[in-house]
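These notes are about the structure you will find just below.
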There are 2 protein chains.
Amino acid sequence: MPERPTGLRRPTVARRRRRAQPARPTGPPVPLNRSIMGNMADSTKASNAASPASARTVRRRASITDVAKAAGVAVGTVSNVLNKPDRVLPATRERVEAAIAELNFVRNGSARQLRAGTLTSVGVVVLDLSNPFFTDVARGIQDRLERDSFTLMVAGSDEDLDRERRYLRLYEEHGVQGVIVSPATDDIDHVLAVRERGTAVVLLDRPSPVPEVASVAVDDVAGGRLAVEHLIAQGHERVALLNGPHTIRQCRDRREGAAAAMTDAGLDPEVALEEITVPSLTPDGGEAGIRELLALPAAARPSAVFCVNDLVALGVLRTLRRDGVAVPEEIAVVGYDDVTFAAELATPLSSVRQPTLELGTRAADLLFRPEGSAPEQVVFSPELVIRESSTTSPLEAGSP
Amino acid sequence: MPERPTGLRRPTVARRRRRAQPARPTGPPVPLNRSIMGNMADSTKASNAASPASARTVRRRASITDVAKAAGVAVGTVSNVLNKPDRVLPATRERVEAAIAELNFVRNGSARQLRAGTLTSVGVVVLDLSNPFFTDVARGIQDRLERDSFTLMVAGSDEDLDRERRYLRLYEEHGVQGVIVSPATDDIDHVLAVRERGTAVVLLDRPSPVPEVASVAVDDVAGGRLAVEHLIAQGHERVALLNGPHTIRQCRDRREGAAAAMTDAGLDPEVALEEITVPSLTPDGGEAGIRELLALPAAARPSAVFCVNDLVALGVLRTLRRDGVAVPEEIAVVGYDDVTFAAELATPLSSVRQPTLELGTRAADLLFRPEGSAPEQVVFSPELVIRESSTTSPLEAGSP
DNA sequence: ACGTCGGGTTGAAACGGTTCAGACCGTATC
DNA sequence: GATACGGTCTGAACCGTTTCAACCCGACGT
């Protein structure tokens with residue numbers, strides 16, 4: 001049979017020419033037996049030879065009207081049973097509820113939302129779905145949202161502006177109550193536009209550039225500074241920074257903090273801080289970055305590496321270990337995010353910890369803040385957790 | 001000057017009545033005075049004289065009718081521009097597009113879906129949002145979905161049946177095209193009911209018990225067997241299984257495989273396989289589990305631990321290391337899932353690998369399968385990755 | 001007995017799109 | 001010149017809810 005990937009319903013040409021049959025004196029408007037599962041049902045012409053008689057009559061989903069009819073009440077009453085049960089007589093309610101069960105009624109959320117204008121869901125766009133940092137944040141958001149029985153739609157932009165835009169638009173079209181987004185780039189006009197059109201917006205992991213927009217962030221400059229101050233204190237005078245593109249604000253800020261720490265220590269960042277841009281913020285990206293560094297003669301290369309996140313650091317540690325480079329003796333490593341496994345690695349990884357869960361719950365909180373209250377811009381402070389990857393004498397600096 | 005909406009609207013909000021006003025003058029689009037965002041009373045006090053844009057009254061989100069009016073065409077034409085651009089004259093199209101841009105029009109997804117009956121989104125319910133295994137699967141799903149520009153709503157049930165039910169219902173109400181769900185329990189009647197009502201369903205990480213439902217799974221019995229066969233081959237005669245509750249299918253199956261491996265080797269699972277149920281499938285759960293084991297006198301305890309997933313194994317390794325128990329000499333450890341960091345741990349972790357990404361893409365594929373085709377039930381085979389945590393000679397997987 | 005009150009119920013309007021039969025119109029055909 | 005035809009565009013019906021003015025009716029106060 002013709003392979004038709006049924007998912008895509010984009011109206012490719014396929015125009016139906018159905019010259020109307022001449023004046024068909026039909027009686028009452030015959031109800032189109034349209035399948036609910038619009039795009040799954042195809043024209044019957046390509047009916048699979050071996051198709052089992054799956055002539056499963058597609059029953060129309062029962063509507064509130066059907067329920068009303070079955071229960072012998074008005075639609076308004078059914079609606080009341082659904083939404084304000086106390087306004088309806090117990091006897092009536094029971095009858096309606098029986099009908100609902102009988103007909104297997106499931107309320108149509110679209111109609112509900114269209115009329116009521118309200119939808120209890122929130123959209124989130126994060127930079128990377130497979131980064132534990134963001135999934136932890138997402139979990140925080142979900143926990144908070146659940147309190148008000150909101151639902152969460154999550155999507156990852158993979159640091160792609162277009163994708164970010166697409167998801168935001170989709171959320172908006174579907175009428176989410178709010179969006180929480182960690183923008184991929186500096187350009188957040190499209191995010192502001194969403195807000196301008198009336199959807200609550202919270203910026204995640206990035207301070208808001210405008211006062212009207214709420215945001216939740218961690219001070220990345222401070223984080224970068226913490227990491228590099230520590231490395232300097234350990235005696236390192238040249239540090240490599242495995243960083244993402246500067247279009248990502250977190251990357252830029254962490255670098256800025258790193259540079260500031262250098263300057264404070266009387267070092268010139270221009271020479272003491274060697275920045276390497278990794279191809280992706282993943283272990284593989286980290287591997288690529290560190291290889292670049294290893295290509296230099298040992299004498300010429302920095303003695304410490306500051307990785308913009310723990311996934312990158314993971315790749316770095318992996319590569320160094322494979323290549324037999326001693327950590328921290330030959331090269332010290334500091335990561336960022338302090339993901340769960342950081343402490344348990346072959347060489348326990350020093351890392352800048354961010355309050356992920358709280359970041360999430362706070363972001364969700366801001367979505368719920370009372371109308372009229374001034375937008376809040378929360379900034380958390382990061383914290384350095386020192387482990388073996390950056391020092392031979394691990395200080396007791398953090399909890400487990 | 002009414003401020004922009006700052007927070008989420010609570011589900012009950014008084015709406016403006018349009019019907020009330022009598023003869024509507026046909027002049028220019030009259031901006032309604034009452035904000036659609038509900039009664040914001042006078043929030044004038046907090047008006048920071050910021051954006052000049054907000055000096056204007058909060059306008060109702062532009063509707064397709066507004067666009068039509070502005071462009072001087074019929075609503076049907078606007079709809080066509082949106083959905084079937086090739087059916088409309090370029091000149092007209094441009095005019096409409098200009099109006100759309102002008103009015104900042106965003107199509108209302110609910111109305112669209114209500115009428116068209118189609119929504120391009122898919123709901124996913126996984127057991128645990130913070131388990132890398134599931135986020136990797138989710139990523140696979142997203143990748144596949146993106147090809148058809150579908151969106152993904154993800155939620156975590158935390159192994160709670162009620163939560164699973166709630167999310168499924170929400171997805172259904174919102175009219176998703178399909179759901180992908182990894183059920184928390186054996187009871188999946190509610191899932192089947194969803195399908196019965198006309199929404200495509202794919203079971204994730206669990207073979208379908210009924211032929212009409214598609215599923216994507218990995219053979220967990222085989223996985224459990226692989227792990228324990230390996231441990232037996234390493235000379236272990238008693239193995240502890242740190243498992244989750246048997247209400248979870250995966251846990252049960254992995255145990256079954258483990259027991260089968262025992263039997264095959266002539267060992268009695270009743271004595272040779274010590275199952276410990278962890279309080280949660282997390283590192284902390286693993287810690288609790290292994291502590292229970294460590295409480296036994298060294299002679300009385302199993303010499304190997306098979307963990308139902310890598311997060312649990314992580315907690316086990318962490319605890320053993322803290323307590324100075326040598327891995328694998330005193331206790332060997334095998335995990336499950338082969339998460340990214342498994343190879344990079346202090347003691348690289350042997351683990352049963354599942355094809356996560358493919359699991360996801362395949363699940364999404366099944367959602368898109370053509371209508372008549374028989375539901376597929378895909379089962380992948382797991383694979384054991386042997387590392388130091390279970391053997392001192394990692395390269396040697398065969399006989400001792 | 002009569003007016004008032006108020007909880008329960010009704011029924012239709014409205015939400016904002018998509019759909020499609022038909023109006024309209026310019027062109028090709030006979 | 002009349003007819004047929006095909007492409008554009010129009011406008012009203014329709015999707016399934018929520019909402020609310022109006023209605024009903026029994027209880028209550030006077």
Side-chain angles (χ1 to χ4, degrees), chain A residues 9 11 15-24 26 28-32 34 36 38 60-69 71-93 95-96 105-119 173-175, chain B residues 11-21 24 36 60-69 71-93 95-96 105-119 173-175:
Chain A
R9 202 197 174 51
R15 48 179 46 164
R16 235 176 331 177
R17 162 111 327 90
R18 212 175 35 149
R19 205 69 208 114
Q21 329 155 356
R24 189 88 244 179
T26 44
V30 53
L32 262 258
R34 288 199 313 114
I36 303 244
R60 204 170 44 84
R61 221 160 113 160
S63 81
I64 206 176
T65 319
D66 302 328
V67 173
K69 217 166 290 175
V73 299
V75 290
T77 305
V78 178
S79 176
N80 278 337
V81 169
L82 257 26
N83 303 308
K84 302 154 187 169
D86 47 313
R87 279 202 197 169
V88 83
L89 234 44
T92 319
R93 183 168 59 218
R95 235 176 37 247
V96 172
F105 168 73
V106 175
R107 167 162 66 183
N108 180 324
S110 303
R112 171 189 178 72
Q113 186 198 343
L114 172 60
R115 180 59 238 242
T118 209
L119 171 63
E173 284 189 1
H174 287 335
Chain B
T12 37
V13 170
R15 285 179 63 77
R16 89 205 127 91
R17 302 282 345 134
R18 234 202 336 210
R19 184 182 346 155
Q21 57 185 57
R24 198 85 134 76
I36 193 177
R60 188 172 46 94
R61 214 164 117 160
S63 82
I64 206 176
T65 318
D66 301 329
V67 174
K69 218 167 288 174
V73 298
V75 290
T77 305
V78 178
S79 176
N80 279 338
V81 169
L82 257 27
N83 302 309
K84 302 155 188 169
D86 48 309
R87 276 200 198 172
V88 82
L89 234 44
T92 319
R93 184 168 58 216
R95 234 173 42 246
V96 172
F105 168 73
V106 175
R107 167 163 65 186
N108 180 325
S110 305
R112 170 187 178 72
Q113 185 199 342
L114 173 58
R115 181 60 235 249
T118 207
L119 171 62
E173 285 189 0
H174 286 336

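Labels below follow one simple rule: chain letters A, B, ... track the order of the sequence lines, proteins then strands, and each chain is numbered from 1.
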Testing the basics here: between [X] and [Y], what is the closest heavy-atom pair and its distance to 0.1 Å?
X	Y	result
A111(A)	N108(A)	N-OD1, 3.0 Å
A74(B)	A68(B)	C-CB, 3.8 Å
R61(A)	D66(A)	O-OD2, 4.2 Å
E173(A)	R107(B)	CG-O, 3.3 Å
L82(A)	F105(A)	CD2-CE2, 3.8 Å
H174(B)	G109(A)	ND1-CA, 4.0 Å

Whole angstroms only, please: what is the [atom1]-[atom2] distance between [X] and [N]?
X	N	atom1	atom2	result
L114(B)	dC15(C)	CG	P	14 Å
I64(B)	dC15(D)	CD1	P	18 Å
Q113(A)	dG16(D)	CD	C1'	13 Å
D66(B)	dC15(C)	CG	P	11 Å
N108(A)	dG17(C)	CG	P	16 Å

Quick check on [N]: is either OP1 or OP2 less than 4.0 Å from any side-chain nitrogen or oxygen of [X]?
X	N	answer
S79(B)	dT18(C)	yes
R107(A)	dT18(D)	yes
K84(B)	dT8(D)	no
R115(A)	dA14(C)	no

Of all the choices, [options], which nucleotide is nearest to the side chain of [X] once you look at every atom?
X	options	value
F105(A)	dT18(C), dT18(D), dT17(D)	dT17(D)
N83(A)	dG16(C), dT18(D), dT19(D)	dT18(D)
A111(A)	dG16(C), dT18(D), dG16(D)	dG16(D)

| said: When the axes are fitted on five pairs at both termini, how much does the helix from dA1(C)-dT30(D) to dC30(C)-dG1(D) curve, in 10° steps? | reply: 50°
| message | I'd like to know if the side chain of R95(B) reaches the main chain of A71(B), judged simply by a donor and an acceptor atom lying under 3.5 Å from each other, with no hydrogens or angles considered. | response | yes
Table of protein N/O atoms under 3.5 Å from nucleotides 23-26 of chain D N/O atoms:
none

Polar pairs (N or O, both sides) under 3.5 Å between protein and nucleotides 4-10 of chain C?
{"unit_1": "dT9(C)", "atom_1": "OP1", "unit_2": "T92(A)", "atom_2": "OG1", "d": "2.4"}
{"unit_1": "dT9(C)", "atom_1": "OP2", "unit_2": "L89(A)", "atom_2": "N", "d": "3.1"}
{"unit_1": "dT10(C)", "atom_1": "OP2", "unit_2": "A74(A)", "atom_2": "N", "d": "3.0"}
{"unit_1": "dT10(C)", "atom_1": "OP2", "unit_2": "T77(A)", "atom_2": "OG1", "d": "2.6"}

| query | Which distance, rounded to the nearest 0.5 Å, do you find between the CG of N80(B) and the CG of L89(B)? | reply | 12.0 Å
| Looking at side-chain heavy atoms only, is the closest gap between N83(A) and R112(A) below 4.5 Å? | yes
| Sole residue of V96(A), T92(A), V88(A) in side chain to side chain contact (heavy atoms under 4.5 Å, CB included) with V78(A) | V96(A)
